[in-house]
Amino acid sequence: MPLSKQFIQDTLHQVELPSGGDLVSSGALAWVAASDTAANLRIHLPGEPDERAMKNLAALIDTTIRAEAGAQNIPIDHLGVQFVSHAGDILASFGDAHAPAPPANADQGSGIPGVKRIIAVGAGKGGVGKSTVAVNLAAALARAGQSVGLLDADIYGPSLPTLLGLDSLEQTILDGQLQPFLVHGFKAVTLGKMVDPDKPLIWRGPMAHGAFKQLYERTRWGELDTLIIDLPPGTGDVPLTMSQSLRLTGAVIVCTPQKVAQDDAVRAVKMFEQLGVEVLGVVENMSCFVGDDGKTYDIFGRGGAEQMAQRLALPFLGAIPINTTLRANSDAGDPTRNFDPATAGGDALPAALNTVARNTESQIALASLRHSGATPTLSIN
Ligand code: ADP
């Protein structure tokens, strides 16, 4: 039997807290994620717990879960316990000794052979242009000379077949492996090419987990500098599976300027933080509209996502205006047209998309550096 969230929750009822009640019914068990033989949990204790109290409780949790798992023949490879503050900040981490060896360099250990680094593109809300940003980020990085892959993990509503113009292409499978489509200078895989486009895709948790896993595991990616994962909107099963099975360099959040979109984006940011995925920054999409008269119209407002990024102390990666040419090129499945001023309605759109890509690249480089533990050196002559 694999390790499950239910098993962890049931078992932790046995752990009594010094302040009264058990770990689960007291609400101290803030979050659990389990898959196959690995589990991570977050504990939130009231007040300001000291280092020793956290260490003792982590040891008790570890012993209790391992004893119960042993009795039920459930193998455990990794059990991580983290203590978080009320705001979700990590106070202490335990159990890393049991984790799979961390990569010496994040570039060498994405979790997919041949893939140097993985970034996710997420949004709190659907329809904010998350897939559009993911596609154009892939195209821009590929145009800058990188070898790029794009995985459509929006398994509930895959939109890459339309955005990349895959309708007339057939999915090829060789030796049981999916051959990614090579389009617009990068490789792409989407469930949208394997299911009936008119049927609703309804996945329960374990099925969503399996569908996503198959997409990245069974694809012949070859050598990639960057794999971009286009996540489903919101905070569901796919990000959880992703964060447990792959080592991400970070996540990009797409948000429109309105308050409601920002609120959901903040939740997405918190989710990534809880999953241990660094947020590389925020992109404001549909930021304003420049009419044929040359005037700028703030249809959804402007700058809201940038302010949100500032509030959360996250890098702002750039703004993409509402642009009818971008919409038309997306509907036509031809993102390449967004990068040539002749087919992009001028310089503004390519400039905006390239700025987002350049800023994202810089944040990826910084994050890779941080993950590798290397410190930049500055020499002054
Ligand atoms: P999501 O992935 O967040 O659900 P999509 O990327 O599928 O959103 O975009 C939803 C729709 O909005 C698409 O038709 C897309 O072409 C359009 N769109 C996205 N960003 C822009 C933009 N900046 N200007 C004009 N249309 C846009």
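Quick note: numbers below take in every heavy atom, side chains included, and nothing from hydrogens, waters or symmetry partners. In listed order, ligands and their atoms are each counted from 1.
Ranking the protein heavy atoms by distance from atom 25 (C) of ligand 1 puts Asn323 O, 3.2 Å first. When only non-hydrogen protein atoms are considered, atom 18 (N) of ligand 1 lies nearest to Met286 CE, 3.8 Å. Among protein heavy atoms, atom 20 (N) of ligand 1 sits closest to Asn285 ND2, 2.9 Å. Atom 17 (C) of ligand 1 has its closest protein heavy atom at Arg327 CG, 4.1 Å.
Taking distance alone, with nitrogen or oxygen atoms compared against 3.5 Å, Ile322 stays at or beyond that limit from ligand 1. At least one N or O atom of Lys130 sits closer than 3.5 Å to an N or O atom of ligand 1. Checking only distances, Gly129 does come within under 3.5 Å of ligand 1, N or O to N or O. Taking distance alone, with nitrogen or oxygen atoms compared against 3.5 Å, Gly127 approaches ligand 1 more closely than that limit.
Taking 4.0 Å as the cut-off between side-chain N and carboxylate O, Asp263 and Arg267 do not count as a salt-bridged pair.
Of the residues listed (Asp154, Thr162, Asp230), the one engaging Ser131 in a side-chain hydrogen bond (donor to acceptor under 3.5 Å, both in side chains) is Asp230, and it is the only one.
The proximity of Thr324 to ligand 1, defined as any non-hydrogen pair under 4.0 Å, does not occur for either the backbone or the side chain. The residue Ala123 has no part lying near ligand 1, judged by heavy-atom distances below 4.0 Å.
Put simply, the side chain of Glu278 never gets that close to the backbone of Glu273: no donor and acceptor are under 3.5 Å apart.
For atom 9 (O) of ligand 1, the nearest non-hydrogen atom from the set Thr132, Asn329, Val121, Val133 comes from Thr132. The residue from Ala134, Gly126, Ser131 that puts a heavy atom closest to atom 2 (O) of ligand 1 is Ser131.
In this model, no donor atom of one side chain and acceptor atom of the other lie less than 3.5 Å apart for Ser110 and Arg117. Between the side chains of Gln6 and Ser4, not a single donor N or O lies within less than 3.5 Å of an accepting N or O. Neither side chain, Ser330 nor Thr132, offers a donor N or O lying under 3.5 Å from an acceptor on the other. Neither side chain, Gln14 nor Thr64, offers a donor N or O lying under 3.5 Å from an acceptor on the other.
Atom 11 (C) of ligand 1 is not flagged as protein-proximal [any protein heavy atom, distance under 4.0 Å]. Atom 22 (C) of ligand 1 lies below 4.0 Å from at least one non-hydrogen atom of the protein.
Around CG of Asp347, the count of heavy atoms belonging to other residues, nucleotides or ligands within 6.0 Å does not exceed 12. A 6.0 Å sphere centred on CD of Gln72 holds more than 12 heavy atoms belonging to other residues, nucleotides or ligands.
The ligand atoms of ligand 1 that sit less than 4.0 angstrom from a heavy atom of Leu326 are 21 (C), 22 (C), 23 (N), 24 (N). Using a 4.0 Å cut-off to heavy atoms of Ser330, the atoms of ligand 1 that qualify are 16 (O).
Phe181 contributes atom CZ, which lies 8.0 Å from atom OG1 of Thr190 (distance to the nearest 0.5 angstrom).
Under a 4.0 angstrom heavy-atom cut-off, Pro233 registers as lying outside contact with ligand 1.
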